[in-house]
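Labels below follow one simple rule: chain letters A, B, ... track the order of the sequence lines, proteins then strands, and each chain is numbered from 1. Just the heavy atoms: all of them, side chains too, but no hydrogens, waters or symmetry mates, feed the values below.
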Amino acid sequence: MNRYNFKSIEKKWQKVWEENSSFKVDIDLKKKKFYCLEMFPYPSGKIHMGHVRNYTIGDVLSRYKKLKGFNVLHPMGWDSFGMPAENAAKLNNLDPKDWTEKNIATMKTQLKKLGLSIDWDREISTCSPEYYKHQQKFFLDLYDKGLVYRKENYVNWDPVDKTVLANEQVINGKGWRSGAIVERKKLNQWFFNITKFSDELLEGLEKLDEWPNKVKLMQKNWIGKSFGCELNFKIEGNNKFKEIKCFTTRPDTLFGMSFLAVSVDHPIAEIYNGDKEFEKFKSNCSKTGTTEESISQAEKLGFKTNLIALNPLNDEKVPVYFANFVLMDYGFGAVFGCPAHDQRDLDFANKYKLKIKPVVKPLNEKDDFKIDKIAYTGPGEIFNSDFLNGLVVPNESILKTIEILEKKNIGKKKINFRLKDWGVSRQRYWGCPIPIAYNSKNEILKVPQDKLPIKLPEKINLNVNGNPLDHQDEWKKIKIGNEECKLETDTLDTFVDSSWYFLRFCSANNKEEGFSLKDIEYWMPVDQYIGGVEHAILHLLYSRFFTKALDFKNDKFKISEPFKGLFTQGMVCHQTYKIDNTWYSPDEVSSENGKDFYLKNDSSKKVMVGASESMSKSKKNTIDPEIMFETYGADAVRFFILSDSPPEKDVQWSDTGMQSSYKFVQKFWDLHNEIRDKLFLEKSKLTKDNGIDEEINIFTNQIIQKITFNLENFHYNVIIANFHEIYNFLNTCKIEKKIKTLIFKENYLKILKVMQPVLPHMISECISTINEKIDTVWPEIDKRYLSKKSNTIVVQFNGKKRGLLECENDINEDNLIELVKKRDEFKKYLNDKEIVRKIYVKNKLINFIVK
RNA sequence: GCCCUCGUGGUGAAAUUGGUAGACACAAAGGACUUAAAAUCCUUGCCGCUUGCGGAGUGCCAGUUCGAGUCUGGCCGAGGGCACCA
């Protein structure tokens, strides 16, 4: 038997694809385009299983669409600016550029080994001046449009990475990369005015019907639009502060107000400058901080001021508190407290013995409706509220109240967003330089076009405090007009790099422009974007913003959303192994029975088997893709990574699963060779056999139908099951000696074609061993074979399945009933019984209701 | 606390619109072939009794329906997101 040698055959086909530029594409107006894009990798060193899964999914889709006749753009590049390069370089005295380029070379080789259908002529790397020079132009373009500004403000300062983090990059009060506790620091920073597009970004979500709802919802919550009312409260007790502004979404509960709460960062805090008690309270607040869990448990705390606020509706006087649950950066940093209808306010009121006056009662409640420990936030009607009484909550009450408040000049309608502007300044070397300079008066000047790009200096000393670029005095010098100026030394957040790379792929080799309109008009939007859900907010929201920012004040740019379809794949998990606090990798442990694990080099040491978790270097539960390619071949790895779970869910790596995928490849190859001998060799005599031909026609068309459906719907795990069905069917045919007809041969070719996207190397080889051309056509489905000549009909009595009946196709109800009555096994259900009702579902089921 | 998603055999999972629950695989047990192993193939997989059949069965409890994994309501559990966001 001729064993399948994946090593030579995979190499062979990868070479063929490379030499023929098989996946190189250009605009072809005669063809429909399909732009398939997977999130590009950060070149950290080697690819990991997450990449394998991500790129396999995209590759199967791309190859399928190509066979379907689409002009498929499937590019790859490198998100190559960023801190790991700088940190690694610092540590080992290297240049970030060298480190990055070496990693790219390694990972590119690895990706090629996976057999991806990439147009490598379009490869891009964001750290190359060829890429970032365009980004600098876009920065200036956005600056001209007023979408970029500089302001001094408090920033999230990561003391380990010595850089500024965006709000989104602060997770639980810690830097997303370093894990260090983030500090507050005042700095001059560059901002993108993403909030200008708050509404558009929100509304755009509704049109993205090929995005997972989960992601859309996360973005919606992140943008956090709320509708309410801005209110002015008169303040007594201090000459300087006569008024405090509040934002509320529940103006209709204003009659229930019993205190006013402001943030400790509110301007009125000035009154308490130097007050020891207040300082103590303030530092207490910052201890509970703005960070999650700890805070959610934290008690509601207040600091009573000497100020009095007047309820604008009835001049009722209420106390003013500083409160730890009010944040300065949302609304106006002040809220009115209505304990009856807000749980936080209620907890606060109970603690400080403040009045609790209900003003909303559920319908059908009496006027003595009382609030105890739980605030009432449900629907109902307004009461205890003078001229607001009787309004229906919430539909009528909020709008009507705002109307009334506006008429009385007390407040006005207001829409508030949670979204904040995107701070893009980073005090790092390894990023895109910001094309801005400052003259001696510290005025902001754009770097003129003829001085672009501002290239990063190379081979500089990175082991300095703060931003290495600050120390590059020569590099900083730039002459603008007649003025000696200094370059901005901040570089751009790397999320800027990835906010437009999908446009660059359309014109990857255009030296003059970042993209050409002609190219993006044809290729954009990305038809299918595939990546991890961890980018649901950051990257995906920034990319949407950047696209809208380019579109802003630009009639020629006609794209408003970059990604038409989005698919978020799950993670690759593996069990973890641990002794005490030391992690061990899967190849350091072994097990005889699959339950108890011991160290390989010391079998007396029992290993604790932990939960299956997402593969990570720190837990050492990783499997190296390259070792898998070498052991089992790329096709088998592709097959396995798709097989076990639906792609949107996490998948558990399993050695036995991997081995069985390998076995599938081997046994299919063997079977193929037998089929080739029987059907495709010159000496083989093909016959005609109506029974066999019918059977193979039905099977082939049905399986192609299933595979096509599953491809279109990302049910890739089911496709693998379909492949097993194919093997099982063909193998049964072999055993039953049915592989001998001309029709069989035709069908077998079709079957090979639909298997090609998943197993491109082996199937290409299979097709070439039977001297057939690998054409670019996905087989048509012959619908005649989708409906069978006969059907298995379920026979039910009173809704219970009592048997099956094989009937001719489209049998009419009366004939079917006759058939059922004839059968012995059904007689016991019909004897002495009256048929009350019959439900017949054509070709599927008949249900008798009997008495 | 709020919002979202998901609960199907020993395991990973299938089941386009309500219409044969458990496809396909992994693991296990038994068997066939073989001197043996590998490979391959077959059978079994909840409960009850004799082959055969009957019963229960998709987290739990109700409901709608001739018929519910699928629809509705309530509960329990797991995962994810957001957060004192007014």
Chemist: Identify, between A:Phe332 and A:Asn731, the residue whose nearest nucleotide on RNA chain B lies closer to the 5' end.
Modeler: A:Asn731

Chemist: Do any N or O atoms of the protein come closer than 3.5 Å to N or O atoms of nucleotides 52-55 of chain B, and which pairs are they?
Modeler:
residue, atom, partner, partner atom, Å
B:G54, OP1, A:Tyr829, OH, 2.8
B:G55, OP1, A:Arg802, NH1, 3.2
B:G55, OP1, A:Arg802, NH2, 3.1
B:G55, OP2, A:Arg802, NH1, 2.8

Chemist: If you compare all heavy atoms of A:Leu205 against all heavy atoms of A:Gln219, which two are closest, and at what distance to 0.1 Å?
Modeler: CD2-OE1, 3.6 Å

Chemist: Is the ring centre of A:Tyr321 less than 6.0 Å from the ring centre of A:Phe348?
Modeler: yes

Chemist: Under 3.5 Å, which protein N or O atoms sit close to an N or O of nucleotides 23-33 of chain B? Give each pair with its distance.
Modeler:
residue, atom, partner, partner atom, Å
B:A25, OP1, A:Asn728, ND2, 3.2
B:C26, O2', A:Thr656, OG1, 3.1

Chemist: To the nearest angstrom, how far is A:Gln666 atom CD from B:A38 atom P?
Modeler: 18 Å

Chemist: On a whole-Å scale, what distance lies between the P atoms belonging to B:A25 and B:A78?
Modeler: 34 Å

Chemist: Do A:Arg638 side-chain atoms and A:Val758 backbone N/O form a donor-acceptor pair below 3.5 Å?
Modeler: yes

Chemist: Within the distance-only criterion (no hydrogens, no angle test), does the side chain of A:Ser258 pair as donor or acceptor with the backbone N or O of A:Lys355 below 3.5 angstrom?
Modeler: yes

Chemist: Figure out the CZ/C1' separation between A:Phe325 and B:C2, and round it to whole Å.
Modeler: 17 Å

Chemist: Could you give the CD-to-P distance, from A:Glu674 to B:A39, as a whole number of Å?
Modeler: 17 Å

Chemist: Under 4.0 angstrom, heavy atoms only, what part of the nucleic acid is A:Asp347 near: base, sugar-phosphate, or nothing?
Modeler: nothing

Chemist: Compute whether any side-chain donor of one residue and acceptor of the other, for A:Asn710 and A:Asn722, lie under 3.5 angstrom apart.
Modeler: yes

Chemist: Does A:Val326 reach a base, just sugar-phosphate, or nothing at all? Heavy atoms under 4.0 Å.
Modeler: base

Chemist: Does A:His341 place a side-chain N or O at less than 4.0 Å from the phosphate oxygens OP1/OP2 of B:A86?
Modeler: no

Chemist: Can you list the residues that meet the side-chain contact (heavy atoms from CB on, under 4.5 Å) rule with A:Val393, with sequence neighbours excluded?
Modeler: A:Arg250, A:Asp252, A:Val360, A:Ile382, A:Ser397

Chemist: Check the interface with nucleotides 3-10 of chain B: list each N/O to N/O pair with the protein under 3.5 Å, or write none.
Modeler:
none

Chemist: ring-ring contact (aromatic ring centres under 6.0 Å, His included) for A:Phe723 and A:Tyr727? Distances and angles first, verdict last.
Modeler: CA-CA 6 Å; A:Phe723 281 20; A:Tyr727 176 85; over 10 Å; no

Chemist: Determine the stems involving RNA chain B; a stem requires 3 or more consecutive pairs of the Watson-Crick or G-U wobble kind, each with both distances below 3.5 Å, and the answer is none if no such run exists.
Modeler: B:1-7 with B:76-82, B:10-12 with B:24-26, B:28-32 with B:40-44, B:46-49 with B:52-55, B:59-63 with B:71-75

Chemist: Could you walk me through whether A:Phe848 and A:Phe797 satisfy the ring-ring contact (aromatic ring centres under 6.0 Å, His included) test, starting with their C-alpha distance in whole Å, then the side-chain angles of each, then the deciding distance to 0.1 Å, before giving a yes or no?
Modeler: CA-CA 5 Å; A:Phe848 297 92; A:Phe797 293 91; 5.3 Å; yes

Chemist: Report all interatomic pairs (protein N or O, nucleotide N or O of nucleotides 66-69 of chain B) with separations under 3.5 Å.
Modeler:
residue, atom, partner, partner atom, Å
B:C66, OP1, A:Arg837, NH1, 3.0
B:C66, O2', A:Asn847, ND2, 3.4
B:C66, O2, A:Asn847, ND2, 2.5

Chemist: On the six-membered ring of A:Phe233, is A:Lys245 placed so that its NZ or CZ lies under 6.0 angstrom from the centre and within 45° of the ring axis?
Modeler: no

Chemist: Among A:Ile846, A:Asn843, A:Leu816, which one satisfies side-chain contact (heavy atoms from CB on, under 4.5 Å) with A:Cys807?
Modeler: A:Leu816

Chemist: Rounded to whole angstroms, how far apart are NZ on A:Lys420 and C1' on B:C85?
Modeler: 9 Å

Chemist: Would you tell me if any nitrogen or oxygen in the side chain of A:Asn324 comes within less than 4.0 Å of OP1 or OP2 on B:C84?
Modeler: no

Chemist: Looking at A:Ile194, is its backbone amide N or carbonyl O close enough to the side chain of A:Asp421 to form a donor-acceptor pair, meaning the two atoms are under 3.5 Å apart?
Modeler: yes

Chemist: Let me know the distance between CZ of A:Arg250 and P of B:A86, rounded to the nearest Å.
Modeler: 11 Å

